[in-house]
Chemist: 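Structure below; questions to follow.
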Number of protein chains: 2
Amino acid sequence: MAAQRKTVEEVVKILGVTPRTLHYYEEMGLIPACERTAGGHRLYDEETMEKLAHILRLKEYLGYSLHEIRTVIDAEDELERLRVTYHSSVDDKERRLALTAFSQEVEKILATIDDKMERLATMRTTFAERLGRAQDLLAGKKV
Amino acid sequence: MAAQRKTVEEVVKILGVTPRTLHYYEEMGLIPACERTAGGHRLYDEETMEKLAHILRLKEYLGYSLHEIRTVIDAEDELERLRVTYHSSVDDKERRLALTAFSQEVEKILATIDDKMERLATMRTTFAERLGRAQDLLAGKKV
DNA sequence: ATATCATTTTACGTAAGCGTAAGGTATAGA
DNA sequence: TCTATACCTTACGCTTACGTAAAATGATAT
């Protein structure tokens, strides 16, 4: 059961991006250079697909720039790198540093999310009220 | 008690934008050409301040482009225009059209907000879990 | 009155995030 | 094998949303 690799065509269909975007993210180092066919066509594995989805969420829902996203990804990658390497006491200091950096990044993200959710809730209330009034008027109610 | 007019300096301090942004929004027709001093310096009234805050919210928290924001504002302005004009039965058809257009815009916005809030909630959970695990590791817990 | 700082218009510049065209190669289906 | 797409790299182009510089004028404090 070899992991399913996806062609560019499949990826763009699933994620709603263009090939150019995939190339660009690869150029920027946001995703690793992926596997290729004998002829040089790209094949995306599941891990990269998840990274892409992760990037697109950070971009779309948190409004992060690709630069900010790289900062996040770097912290995540560093943590992962240390997770899979040999766990010696020598690594330990480095590991705590990575964990701390990662935690700080995630805390920033959580703060951003909380702030956004709060603002969105306020806006929702405001717009819902305005919609209600407009619909009352449409229904012919005296207001 | 004449309404307080604000200078550019005050506006940029309050809203956290630059003078260029104010000029640009005026150029784009997002805000009306405001009052001037005898010498031509701009003075912003409260109504425009609120419009600006409105624009910045749509931009920052919904990620709307200035073009999309204009669509929203146009619907709002059209509604307001009809609200303050003479309410004849001749206006009535036009008025219902404006109300419908406005309602549709607001419904779109509400859908956007609900979608965003849902996605943010999901992301929050994911990141909170990851933060928890990182902090457990930092605390020396076996995981 | 004068120095200082804020603001004006005009207009070219810029960064991010891709779009797009060109010219050539791969892959898949009949 | 042939044909129709899909994909490759390279590289210049483009849009949005302002930034920034210049040269002149207005506002304000002393």
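Below, chain A is the first sequence line, B the second, and so on; all start at residue 1. Keep in mind it's a predicted model, so treat the numbers as computed, not measured.
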Chemist: Between B/D115 and B/T112, is there a side-chain donor-acceptor contact under 3.5 Å, judged purely by atom types and distance?
Modeler: no
Chemist: Tell me the closest heavy-atom pair linking A/E105 and A/A75, and the distance in Å.
Modeler: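 Between these two residues, the closest heavy atoms are CG-CB, 3.9 Å.
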Chemist: Atom CD of B/E10 to atom C1' of C/dA6: distance rounded to whole Å?
Modeler: 12 Å
Chemist: Tell me: CG of B/L22 to P of C/dT7, nearest whole Å?
Modeler: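 Going from CG in B/L22 over to P in C/dT7 covers 10 Å.
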Chemist: Whole-Å distance between D/dA11 C1' and A/H23 NE2?
Modeler: 14 Å
Chemist: Separation of A/E26 atom CD from D/dC8 atom C1', in whole Å?
Modeler: 12 Å
Chemist: State whether B/R36 places a side-chain N or O below 4.0 Å from either non-bridging phosphate oxygen (OP1 or OP2) of C/dT9.
Modeler: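 Answer is yes, contact under 4.0 Å.
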Chemist: Which letter, B, S or -, goes with each nucleotide of nucleotides 17-30 of chain C from 5' to 3', with contact meaning a protein heavy atom under 4.0 Å?
Modeler: BBBB-----SS---
Chemist: Give the rounded distance in Å between these two atoms: CG of A/L43 and C1' of D/dA6.
Modeler: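 The answer, rounded to whole Å, is 13 Å.
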Chemist: Please report the C-alpha distance between A/E78 and A/E94 in whole Å, then the side-chain angles of each, then the deciding distance to 0.1 Å, and finally whether the side chain to side chain contact (heavy atoms under 4.5 Å, CB included) criterion is met.
Modeler: CA-CA 10 Å; A/E78 175 66 4; A/E94 201 180 1; 4.3 Å; yes
Chemist: How close or far is atom C1' of C/dA16 from atom CE of A/M28, stated in whole angstroms?
Modeler: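 To the nearest whole Å, that distance equals 10 Å.
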Chemist: According to side chain to side chain donor-acceptor pair (under 3.5 Å), who are the partners of A/S65, at least two apart in sequence or on a separate chain?
Modeler: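 Once residues adjacent in sequence are excluded, the partners of A/S65 under the side chain to side chain donor-acceptor pair (under 3.5 Å) criterion are A/E68.
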Chemist: Strictly by modelled atom types, are A/T71 and A/D74 linked by a side-chain donor-acceptor pair under 3.5 Å?
Modeler: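 Short answer, no.
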Chemist: Show the atom names and distances, to 0.1 Å, of all donor-acceptor pairs under 3.5 Å that link a side chain in residues 55-62 of chain B to residues at least two apart or in another chain.
Modeler:
| from | atom 1 | to | atom 2 | distance (Å) |
| --- | --- | --- | --- | --- |
| B/Y61 | OH | A/R119 | NE | 3.1 |

Chemist: Nearest-Å distance, CZ (B/R70) to P (D/dA17)?
Modeler: 10 Å
Chemist: Starting at NZ of B/K13 and ending at P of C/dT7, how long is that distance when rounded to a whole Å?
Modeler: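 It works out to 12 Å between those atoms.
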